[in-house]
Q: 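Handing you a structure now.
Just so you know, these numbers use all the heavy atoms, side chains as well, and skip hydrogens, waters and symmetry mates. Counting from 1, the numbers follow the sequence of the chain as shown.
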Amino acid sequence: MEENKPEEFKRELGLLDGTMLVVGSMIGSGIFIVSSDMVRQLGSAGWLIAMWVLTGLVTVIAAVSYGELSAMFPKAGGQYVYIKEAYGKLIGFLYGWSFFAVIQTGTIAAVGVAFSKFTAYLCPVVSEKNIIYELGDFKLSAAQIVSIITIVLLSYINSRGVKNSKILQTVLTVIKIASIFGLIIFGFFAAKSEVWDANWANAWTSQSLNTDTGSWLPISGVALISAMSAALVGSLFSSVAWEGVTFIAGEIKNPKRNVGLSLFLGTLIVSCIYILTNVMYLAVVPLQDIATAESDRVAVVASQNIFGNIGTLIIALMIMISTFACNNGLIMSGARVYYTMAQDGLFFKKASLLNKASVPAWALWAQCFWASALCLTGKYGDLLDFVVIIVMVFYILTIYGIFILRKRMPDAERPYKAFGYPFLPALYILIASAICAALLYTKPSTCGWGVFIMLIGIPIYYLTKSKE
């Protein structure tokens, strides 16, 4: 064996690093954008906060349930390992295939697109409107080039070793948390009682905005369920990627304790931040203005109402830091899944090699290439629908895996047990399944494509398996 090809990851990450990875990977651009569409769907302050509380509850339940699995299998690859152990190689491959094709790369692309969207505030040259190259229907904008450059740069930093990316992640995430708390606090000081009272006057009157006419239509029954599921796409997308810390378990000190604890602390911190941010929006921005914010940038409207004209720049800088840190976390953790799959013979062999810096560099660059290709599709909303449905399906399968493994491996060491088992994990499975069904029913085109891409993995698995 050559000396410069390490076989083992270095355990260089502590509890703070793990928690910051969870927080940093979760808070991207969603919280600054998605509330606008949620208000258009549901039309009231009560329903908006209820959706964020439900999302927070579901996310924390899922995260503490994962704690049991992370303590049982404290190695690189995380969720992929849990699914493979519970369901076997085919479903493990389907997860890994979906993860590479859509989940991780699609999220990296969406966050990259959001980064360039807000960079254009400070530097209008790089906006989506600046088309650099055109061929038939295909248009290449300056914004797409910026998002690809950030993905390449972060992949390069990560290929130089986990220490650099760890420091970058922790520093940027601390700045991100501090700036969001600053925005919330200044927002509460700038709160206007007439705005707050008007927003909460009919807190539970559900209505939907007709964007063509600009008028509100009351909704109930099936229309309300449909609006709730459409609204949840935004809040759920803002709350995914917390499982990233399980992928790098091979580099965490004392993983049996610290992975589960990072999951709980990280998701709890983010859920509280999200709920407080939305309460702050309702204190400074009238509902109509939240629903009709330009390009859905509700945080920009809030910041202008709090700080005046300079508010736009403050938010643009915050979101640039936020999305940059988010993508660093996603890029760092994603490559570890392909590495573990390759070790199991379920991914390109080269992905199973570590470079001199003890990181899976080939896997990082493969992920970088495909995420950059997805940036060229450029539609933020479609990328969200694609990702959310598949992420939810695999969250459900993973948590059901706890029940399977309790039966199949009753005597396995479980340093930590799922909180509230079997009630809370079962509750999660029920809520998440209902959300998935509603998504497929209300958004069959984009969500259907997501599921289709996942299922393509089945023939690919059998074709590649026969070659073995």
Side-chain angles (χ1 to χ4, degrees), residues 1-25 70 73-81 96 99-100 104-105 107-108 111-112 148-175 241 243-255 258-259 262 321 323-372:
M1 198 74 192
E2 296 167 44
E3 276 185 306
N4 64 356
K5 288 280 186 205
E7 286 182 42
E8 287 291 319
F9 284 118
K10 292 179 184 166
R11 292 200 183 273
E12 291 187 348
L13 307 173
L15 177 63
L16 174 69
D17 302 314
T19 307
M20 289 300 110
L21 180 71
V22 175
V23 174
S25 300
S70 70
F73 307 108
K75 52 187 181 226
Q79 188 172 358
Y80 157 73
V81 176
F99 188 81
F100 182 75
Q104 199 74 350
T105 46
T107 308
I108 290 168
V111 174
I148 290 170
I149 289 170
T150 60
I151 292 169
V152 172
L153 173 67
L154 286 168
S155 298
Y156 173 74
I157 292 170
N158 274 280
S159 72
R160 308 288 295 173
V162 77
K163 209 165 207 166
N164 302 340
S165 34
K166 161 185 108 165
I167 293 165
L168 181 69
Q169 188 66 30
T170 301
V171 170
L172 288 177
T173 303
V174 169
I175 295 172
E243 72 280 9
V245 74
T246 68
F247 305 148
I248 58 160
E251 288 145 284
I252 288 189
K253 300 167 190 164
N254 190 2
N258 286 342
V259 175
S262 301
I321 291 169
T323 46
F324 200 73
C326 179
N327 255 353
N328 182 59
L330 294 169
I331 287 166
M332 185 201 311
S333 58
R336 274 61 179 176
V337 176
Y338 320 128
Y339 165 83
T340 310
M341 287 178 69
Q343 295 261 327
D344 293 340
L346 295 178
F347 200 69
F348 301 106
K349 213 171 196 149
K350 285 187 172 171
S352 68
L353 300 174
L354 299 182
N355 67 3
K356 289 180 192 172
S358 298
V359 291
W362 194 92
L364 274 166
W365 290 115
Q367 171 180 262
C368 170
F369 173 77
W370 183 238
S372 301

Q: With heavy-atom distances below 4.5 Å as the criterion, would you say the side chains of Val81 and Lys75 are in contact?
A: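 A side-chain contact under 4.5 Å exists here.
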Q: Using a 4.5 Å cut-off on heavy atoms from C-beta on, say whether the side chain of Tyr80 contacts that of Thr246.
A: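 No - every pair of side-chain heavy atoms lies 4.5 Å or more apart.
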Q: Do other residues, nucleotides or ligands put more than 12 heavy atoms under 6.0 Å from Arg11 CZ?
A: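 Yes.
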Q: Compare every heavy atom of Gln169 with every heavy atom of Met20, then report the nearest pair and how far apart it is.
A: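 Heavy atoms only, the tightest pair is O-NE2, 3.8 Å.
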Q: Taking all heavy atoms of Gln79 and all of Glu243, pick out the closest pair and write down the distance.
A: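 Shortest heavy-atom contact: OE1-CG, 3.2 Å.
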Q: Over 60° means perpendicular and under 30° means parallel, so tell me whether Phe100 and Trp370 are parallel, tilted or perpendicular.
A: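 The rings of Phe100 and Trp370 lie parallel, inter-plane angle below 30°.
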Q: Pick one: which of Asn164, Asn158, Thr173 meets side chain to side chain donor-acceptor pair (under 3.5 Å) with Asn328?
A: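 For Asn328, the side chain to side chain donor-acceptor pair (under 3.5 Å) check succeeds only for Asn158.
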Q: Give a yes or no on whether the backbone of Ser352 and the side-chain of Gln343 come within a donor-acceptor separation of less than 3.5 Å.
A: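 Present.
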Q: Do side-chain atoms of Asn355 reach the backbone of Pro360 as a donor and acceptor pair under 3.5 angstrom?
A: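 Not at all, since once roles are kept as given, no pair shorter than 3.5 Å links the two residues.
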Q: Please test Glu251 against Arg336 for salt bridge (Lys or Arg N to Asp or Glu O under 4.0 Å), starting from the C-alpha separation and ending with a verdict.
A: CA-CA 10 Å; Glu251 288 145 284; Arg336 274 61 179 176; 2.8 Å; yes
Q: Nearest 0.5 Å please: distance from the CG atom of Leu153 over to the CD1 atom of Ile157.
A: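 Atom-to-atom, Leu153:CG and Ile157:CD1 are 4.0 Å apart.
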Q: Which pair of heavy atoms, one from Ala335 and one from Ala363, lies closest together, and at what distance?
A: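 Smallest heavy-atom distance, with atoms named: O-CB, 3.6 Å.
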Q: If you take all heavy atoms of Ser372 and Ile151, which pair is closest and at what distance?
A: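 Between these two residues, the closest heavy atoms are OG-CG2, 4.1 Å.
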Q: Less than 4.5 Å apart, any side-chain heavy atom of Val152 and any of Cys368?
A: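 Counting from C-beta outward, Val152 and Cys368 do come under 4.5 Å.
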Q: Is the ring centre of Tyr338 less than 6.0 Å from the ring centre of Trp362?
A: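 Ring-ring flag for Tyr338/Trp362: false, centres at least 6.0 Å apart.
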Q: If you take all heavy atoms of Gly14 and Asn258, which pair is closest and at what distance?
A: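 For Gly14 versus Asn258, the nearest heavy atoms are C-ND2, 4.5 Å.
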Q: If I take atom OH from residue Tyr339 and atom CG from residue Leu354, how far apart are they, to the nearest 0.5 angstrom?
A: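 Tyr339 atom OH to Leu354 atom CG measures 4.5 Å (nearest 0.5 Å).
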